[in-house]
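Starting from 1, each residue takes its place in the sequence as its number.
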Amino acid sequence: MEILDNINRLLGDDLKQVVRPGSKLRIAASCFSIFAFEALKAELETIDSLQFIFTSPTFVPDDATDRLKKEHREFHIPKLERERSLYGSEFEVRLRNELTQRAIAKECAEWMRQKAIFRSNRSRAPMQQFAAVSTDGNDSV
């Protein structure tokens, strides 16, 4: 197993080398970005599926256990840092400045509907980040 710091050696570069048509991708990470999708779009279009786990509670309502309680509509969406990174982190400012988020977001949303399942670590227990690619029963990355 190799440890990638995503600074000196990028996960995206390794994924480009190992992802093949029909691959199944499993990732646990703190964030998902539409710009990462755009950078890996050619490879991600060919995969069979993606299972993504946010390693910290993300996009999880605070009191979702009481479903009988009538909620008042709220129009303010709190932008927690990990949720804000969906449309680019502080490292992707240059990409946000190109003003292509809308088109990328539409493509990414359609791809997500077809191939991706997202979950969140609700337990707040620490979770190790990982990426695994299964191709014909073999795991890599």
Side-chain angles (χ1 to χ4, degrees), residues 1-71 73-141:
M1 179 174 76
E2 294 182 56
I3 297 178
L4 306 174
D5 63 8
N6 222 22
I7 296 171
N8 298 310
R9 183 161 172 205
L10 302 177
L11 173 63
D13 293 341
D14 280 3
L15 287 176
K16 286 181 181 184
Q17 292 176 7
V18 298
V19 169
R20 302 286 176 257
S23 294
K24 294 181 181 182
L25 185 57
R26 294 183 313 262
I27 296 176
S30 61
C31 64
F32 176 88
S33 164
I34 62 173
F35 296 115
F37 165 79
E38 178 68 14
L40 295 169
K41 183 178 168 186
E43 291 78 19
L44 292 176
E45 291 287 342
T46 67
I47 69 170
D48 185 47
S49 64
L50 165 69
Q51 294 177 338
F52 190 98
I53 300 173
F54 288 101
T55 55
S56 298
T58 306
F59 298 110
V60 177
D62 291 337
D63 298 316
T65 57
D66 185 9
R67 302 217 185 256
L68 299 175
K69 179 181 166 187
K70 182 161 175 107
E71 304 261 344
R73 287 189 172 182
E74 294 183 27
F75 297 98
H76 171 71
I77 299 173
K79 294 187 177 180
L80 300 174
E81 189 59 41
R82 62 184 168 270
E83 294 168 0
R84 189 178 306 142
S85 67
L86 178 65
Y87 57 89
S89 67
E90 66 270 12
F91 302 110
E92 297 167 320
V93 172
R94 182 184 54 80
L95 297 171
R96 283 194 308 222
N97 288 342
E98 292 176 7
L99 302 178
T100 57
Q101 294 102 313
R102 184 177 178 156
I104 295 170
K106 281 185 171 185
E107 288 180 83
C108 186
E110 183 58 33
W111 175 82
M112 285 177 169
R113 284 185 206 98
Q114 295 174 4
K115 300 191 179 194
I117 296 173
F118 286 84
R119 298 282 186 253
S120 186
N121 176 10
R122 300 176 121 189
S123 69
R124 300 194 190 281
M127 182 176 185
Q128 184 67 37
Q129 297 187 28
F130 68 85
V133 179
S134 298
T135 311
D136 299 326
N138 299 320
D139 288 343
S140 44
V141 177

**Asked** Given side chains that start at C-beta, do those of Leu15 and Glu43 come closer than 4.5 Å, heavy atoms only?
**Response**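 Contact flag for Leu15/Glu43 side chains = no.
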Can you measure from [atom1] ([X]) to [atom2] ([Y]) and round to the nearest 0.5 angstrom?
X     : Y      : atom1 : atom2 : value
Phe54 : Cys31  : CZ    : SG    : 8.0 Å
Phe37 : Glu45  : CZ    : CD    : 5.0 Å
Lys24 : Thr135 : NZ    : OG1   : 10.5 Å
Ser30 : Asn121 : OG    : CG    : 12.0 Å

**Message:** I'd like to know if the side chain of Ser120 reaches the main chain of Ser56, judged simply by a donor and an acceptor atom lying under 3.5 Å from each other, with no hydrogens or angles considered.
**Reply:**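 Side chain of Ser120 to backbone of Ser56, a donor-acceptor pair under 3.5 Å: yes, one is there.
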**Message:** Check whether Asp14 reaches the backbone of Val18 with its side chain - one donor and one acceptor, N or O, closer than 3.5 Å.
**Reply:**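 Here the side-chain-to-backbone pair does not exist.
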**Request:** Quick one: do Arg20 and Thr46 satisfy side chain to side chain contact (heavy atoms under 4.5 Å, CB included)? Show the steps, please.
**Result:** CA-CA 7 Å; Arg20 302 286 176 257; Thr46 67; over 6 Å; no
**Mutual orientation of the aromatic rings belonging to Phe118 and Phe32 [parallel < 30°, tilted 30-60°, perpendicular > 60°]** =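 The rings of Phe118 and Phe32 stand perpendicular, inter-plane angle above 60°.
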**Request:** Test Leu25 against Leu44 for side chain to side chain contact (heavy atoms under 4.5 Å, CB included), laying out the working first.
**Result:** CA-CA 9 Å; Leu25 185 57; Leu44 292 176; 3.9 Å; yes
**Message:** Go through it in stages, so that I can follow the logic: the residues are Arg26 and Phe130, the test is side chain to side chain contact (heavy atoms under 4.5 Å, CB included), and I'd like the CA-CA distance, side-chain angles, deciding distance and then a yes or no.
**Reply:** CA-CA 8 Å; Arg26 294 183 313 262; Phe130 68 85; 4.2 Å; yes
**Message:** If you count every heavy atom of other residues, nucleotides or ligands that lies below 6.0 Å from Lys115 atom NZ, does the total exceed 12?
**Reply:**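 Correct, the count exceeds 12.
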Quick one: closest heavy-atom pair of [X] and [Y], and the distance?
X      : Y      : result
Ile34  : Cys108 : CG2-SG, 4.1 Å
Ala29  : Phe52  : CB-CZ, 3.9 Å
Leu11  : Ala131 : CD1-CB, 4.0 Å
Met127 : Ala28  : CE-CB, 4.0 Å

